[in-house]
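For reference, the structure discussed in these notes is given below.
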Protein chains: 2
Amino acid sequence: MYTKKIEEDLNCGLRIGFKIFGGKWKMCILDAINNGFTRPAEIYRSMPDATLRVIEMQLAELLYFGVVDKYSEDVYPKKTEYRLTNLGKSILPILSQIDKWGTEHSAFVKERLQELDEVQ
Amino acid sequence: MYTKKIEEDLNCGLRIGFKIFGGKWKMCILDAINNGFTRPAEIYRSMPDATLRVIEMQLAELLYFGVVDKYSEDVYPKKTEYRLTNLGKSILPILSQIDKWGTEHSAFVKERLQELDEVQ
DNA sequence: GCAATAACCGATAAAAGATTCGGTATTCAT
DNA sequence: ATGAATACCGAATCTTTTATCGGTTATTGC
């Protein structure tokens with residue numbers, strides 16, 4: 001994590017929300033955890049487009065902001081589980097709403113993106 | 001707009017949603033339009049932390065993805081209005097949910113951010 | 001004519017964010 | 001003891017996004 005050079009206005013709920021779960025993979029990670037993929041390696045396997053490193057980094061931020069909790073057991077295979085806190089769970093409805101919206105409009109969006117590709 | 005070098009998986013509704021309204025200012029702009037600030041200069045005055053340039057750029061993207069429509073009148077003062085399309089309006093419930101979430105948890109988030117600042 | 005306002009665009013700089021790569025440490029199975 | 005799996009972390013690098021700046025065009029009021 002690092003501090004930004006340009007200070008942010010966090011007077012707007014929208015900006016705060018994005019601050020917490022607006023990263024490229026954060027929502028996907030929360031979704032994965034919610035679907036039972038609670039360990040880093042599991043999350044990674046469930047979304048191989050992200051690297052393990054980025055998953056670790058985002059988990060660290062989610063942990064910092066109290067969205068997830070971390071439980072480590074010293075057994076083999078080394079077991080670390082990340083679970084949603086109540087704060088994390090409170091994000092789930094938003095998550096599913098965005099997912100629903102995106103799924104509903106995916107055809108349209110993809111069409112537009114394809115146009116862009118054809119131009120370049 | 002530019003094409004990415006790293007290809008995106010848009011199989012996930014979440015990613016699609018973020019693609020369309022996940023920019024730093026996009027949701028704020030949609031919110032501003034919804035609150036009656038329909039012209040670029042008005043939007044800018046309603047959220048001076050963003051530059052006019054970035055508002056223009058984001059409006060162009062929102063226009064491209066059919067989230068807003070653009071209406072120009074050749075009168076003085078030069079009048080351009082951006083209005084939400086049905087697609088744009090369909091985002092509003094998500095918007096207000098995120099805003100509500102962010103507002104509810106703003107104290108907690110700010111506290112955490114302050115901690116980070118103190119360290120550095 | 002000149003300042004002010006509006007909309008907008010291109011180029012480039014800067015910042016933010018993500019990726020890559022190599023490393024540590026642990027434990028188990030062979 | 002070697003290899004595989006897990007969880008991490010640091011640093012450099014690259015990509016993406018946002019900011020800055022200067023410019024254009026057009027119209028009105030002075």
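A note on names: the letters A, B, ... follow the listed sequences, proteins ahead of strands, and every chain is numbered from 1. All heavy atoms count here, side chains included; hydrogens, waters and symmetry mates do not.
- Here the nucleotide nearest the side chain of B:Pro40, chosen from C:dC8, C:dA6, D:dC8, is C:dC8.
- The side chain of A:Lys70 places an N or O atom within less than 4.0 Å of a non-bridging phosphate oxygen (OP1 or OP2) of D:dC8.
- Summarising the geometry, the separation between CD1 on A:Ile55 and P on C:dT20 is reported as 12 Å, rounded to the nearest angstrom.
- Across the protein-nucleic acid pair, B:Phe18 atom CZ and C:dA18 atom P stand 11 Å apart, rounded to whole Å.
- Rounded to an integer number of Å, the gap from B:Arg39 CZ to C:dT5 P is 13 Å.
- Within a 6.0 Å radius of NZ in A:Lys110, more than 12 heavy atoms belonging to other residues, nucleotides or ligands are found.
- Atom-to-atom, CD1 of B:Ile43 to P of C:dA6 comes out at 13 Å; the value is rounded to the nearest Å.
- Between B:Glu81 atom CD and C:dA6 atom P the separation is 14 Å, expressed in whole Å.
- Under the 6.0 Å distance and 45° angle rule, A:Arg112 counts as a cation-pi partner of B:Tyr64.
- Looking at residues two or more places apart in sequence or on another chain, you find a side-chain hydrogen bond (donor to acceptor under 3.5 Å, both in side chains) between B:Arg83 and B:Glu81.
- Remark: the backbone N or O of B:Asp69 is not paired with any side-chain donor or acceptor of B:Thr85 at under 3.5 angstrom.
- Going from atom CD1 of B:Ile20 over to atom P of D:dT17 covers 12 Å, rounded to whole Å.
- To the nearest angstrom, C1' of C:dG17 lies 16 Å from CG of A:Leu59.
- For the pair B:Arg53 and B:Glu56, the salt-bridge criterion is met [side-chain N within less than 4.0 Å of a carboxylate O].
- Here the closest non-hydrogen pair linking B:Gln58 and B:Lys26 is OE1-CE, 3.3 Å.
- At the phosphate of D:dC8, OP1 or OP2 sits under 4.0 Å from a side-chain N or O atom of A:Thr80.
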Check nucleotides 18-20 of chain D against the protein and report each pair of N or O atoms closer than 3.5 Å, with its distance, or say if there are none.
from   : atom 1 : to      : atom 2 : distance (Å)
D:dT18 : OP1    : B:Lys24 : N      : 2.6
D:dA19 : OP1    : B:Lys24 : NZ     : 3.4
D:dA19 : OP2    : B:Trp25 : NE1    : 3.1

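- When rounded to the nearest whole Å, the span between CD of A:Glu56 and C1' of C:dT24 equals 12 Å.
- Within 4.0 Å (heavy atoms only), B:Tyr44 reaches no atom of the nucleic acid at all.
- For A:Thr51, there are no side-chain hydrogen bond (donor to acceptor under 3.5 Å, both in side chains) partners two or more places apart in sequence or in a different chain.
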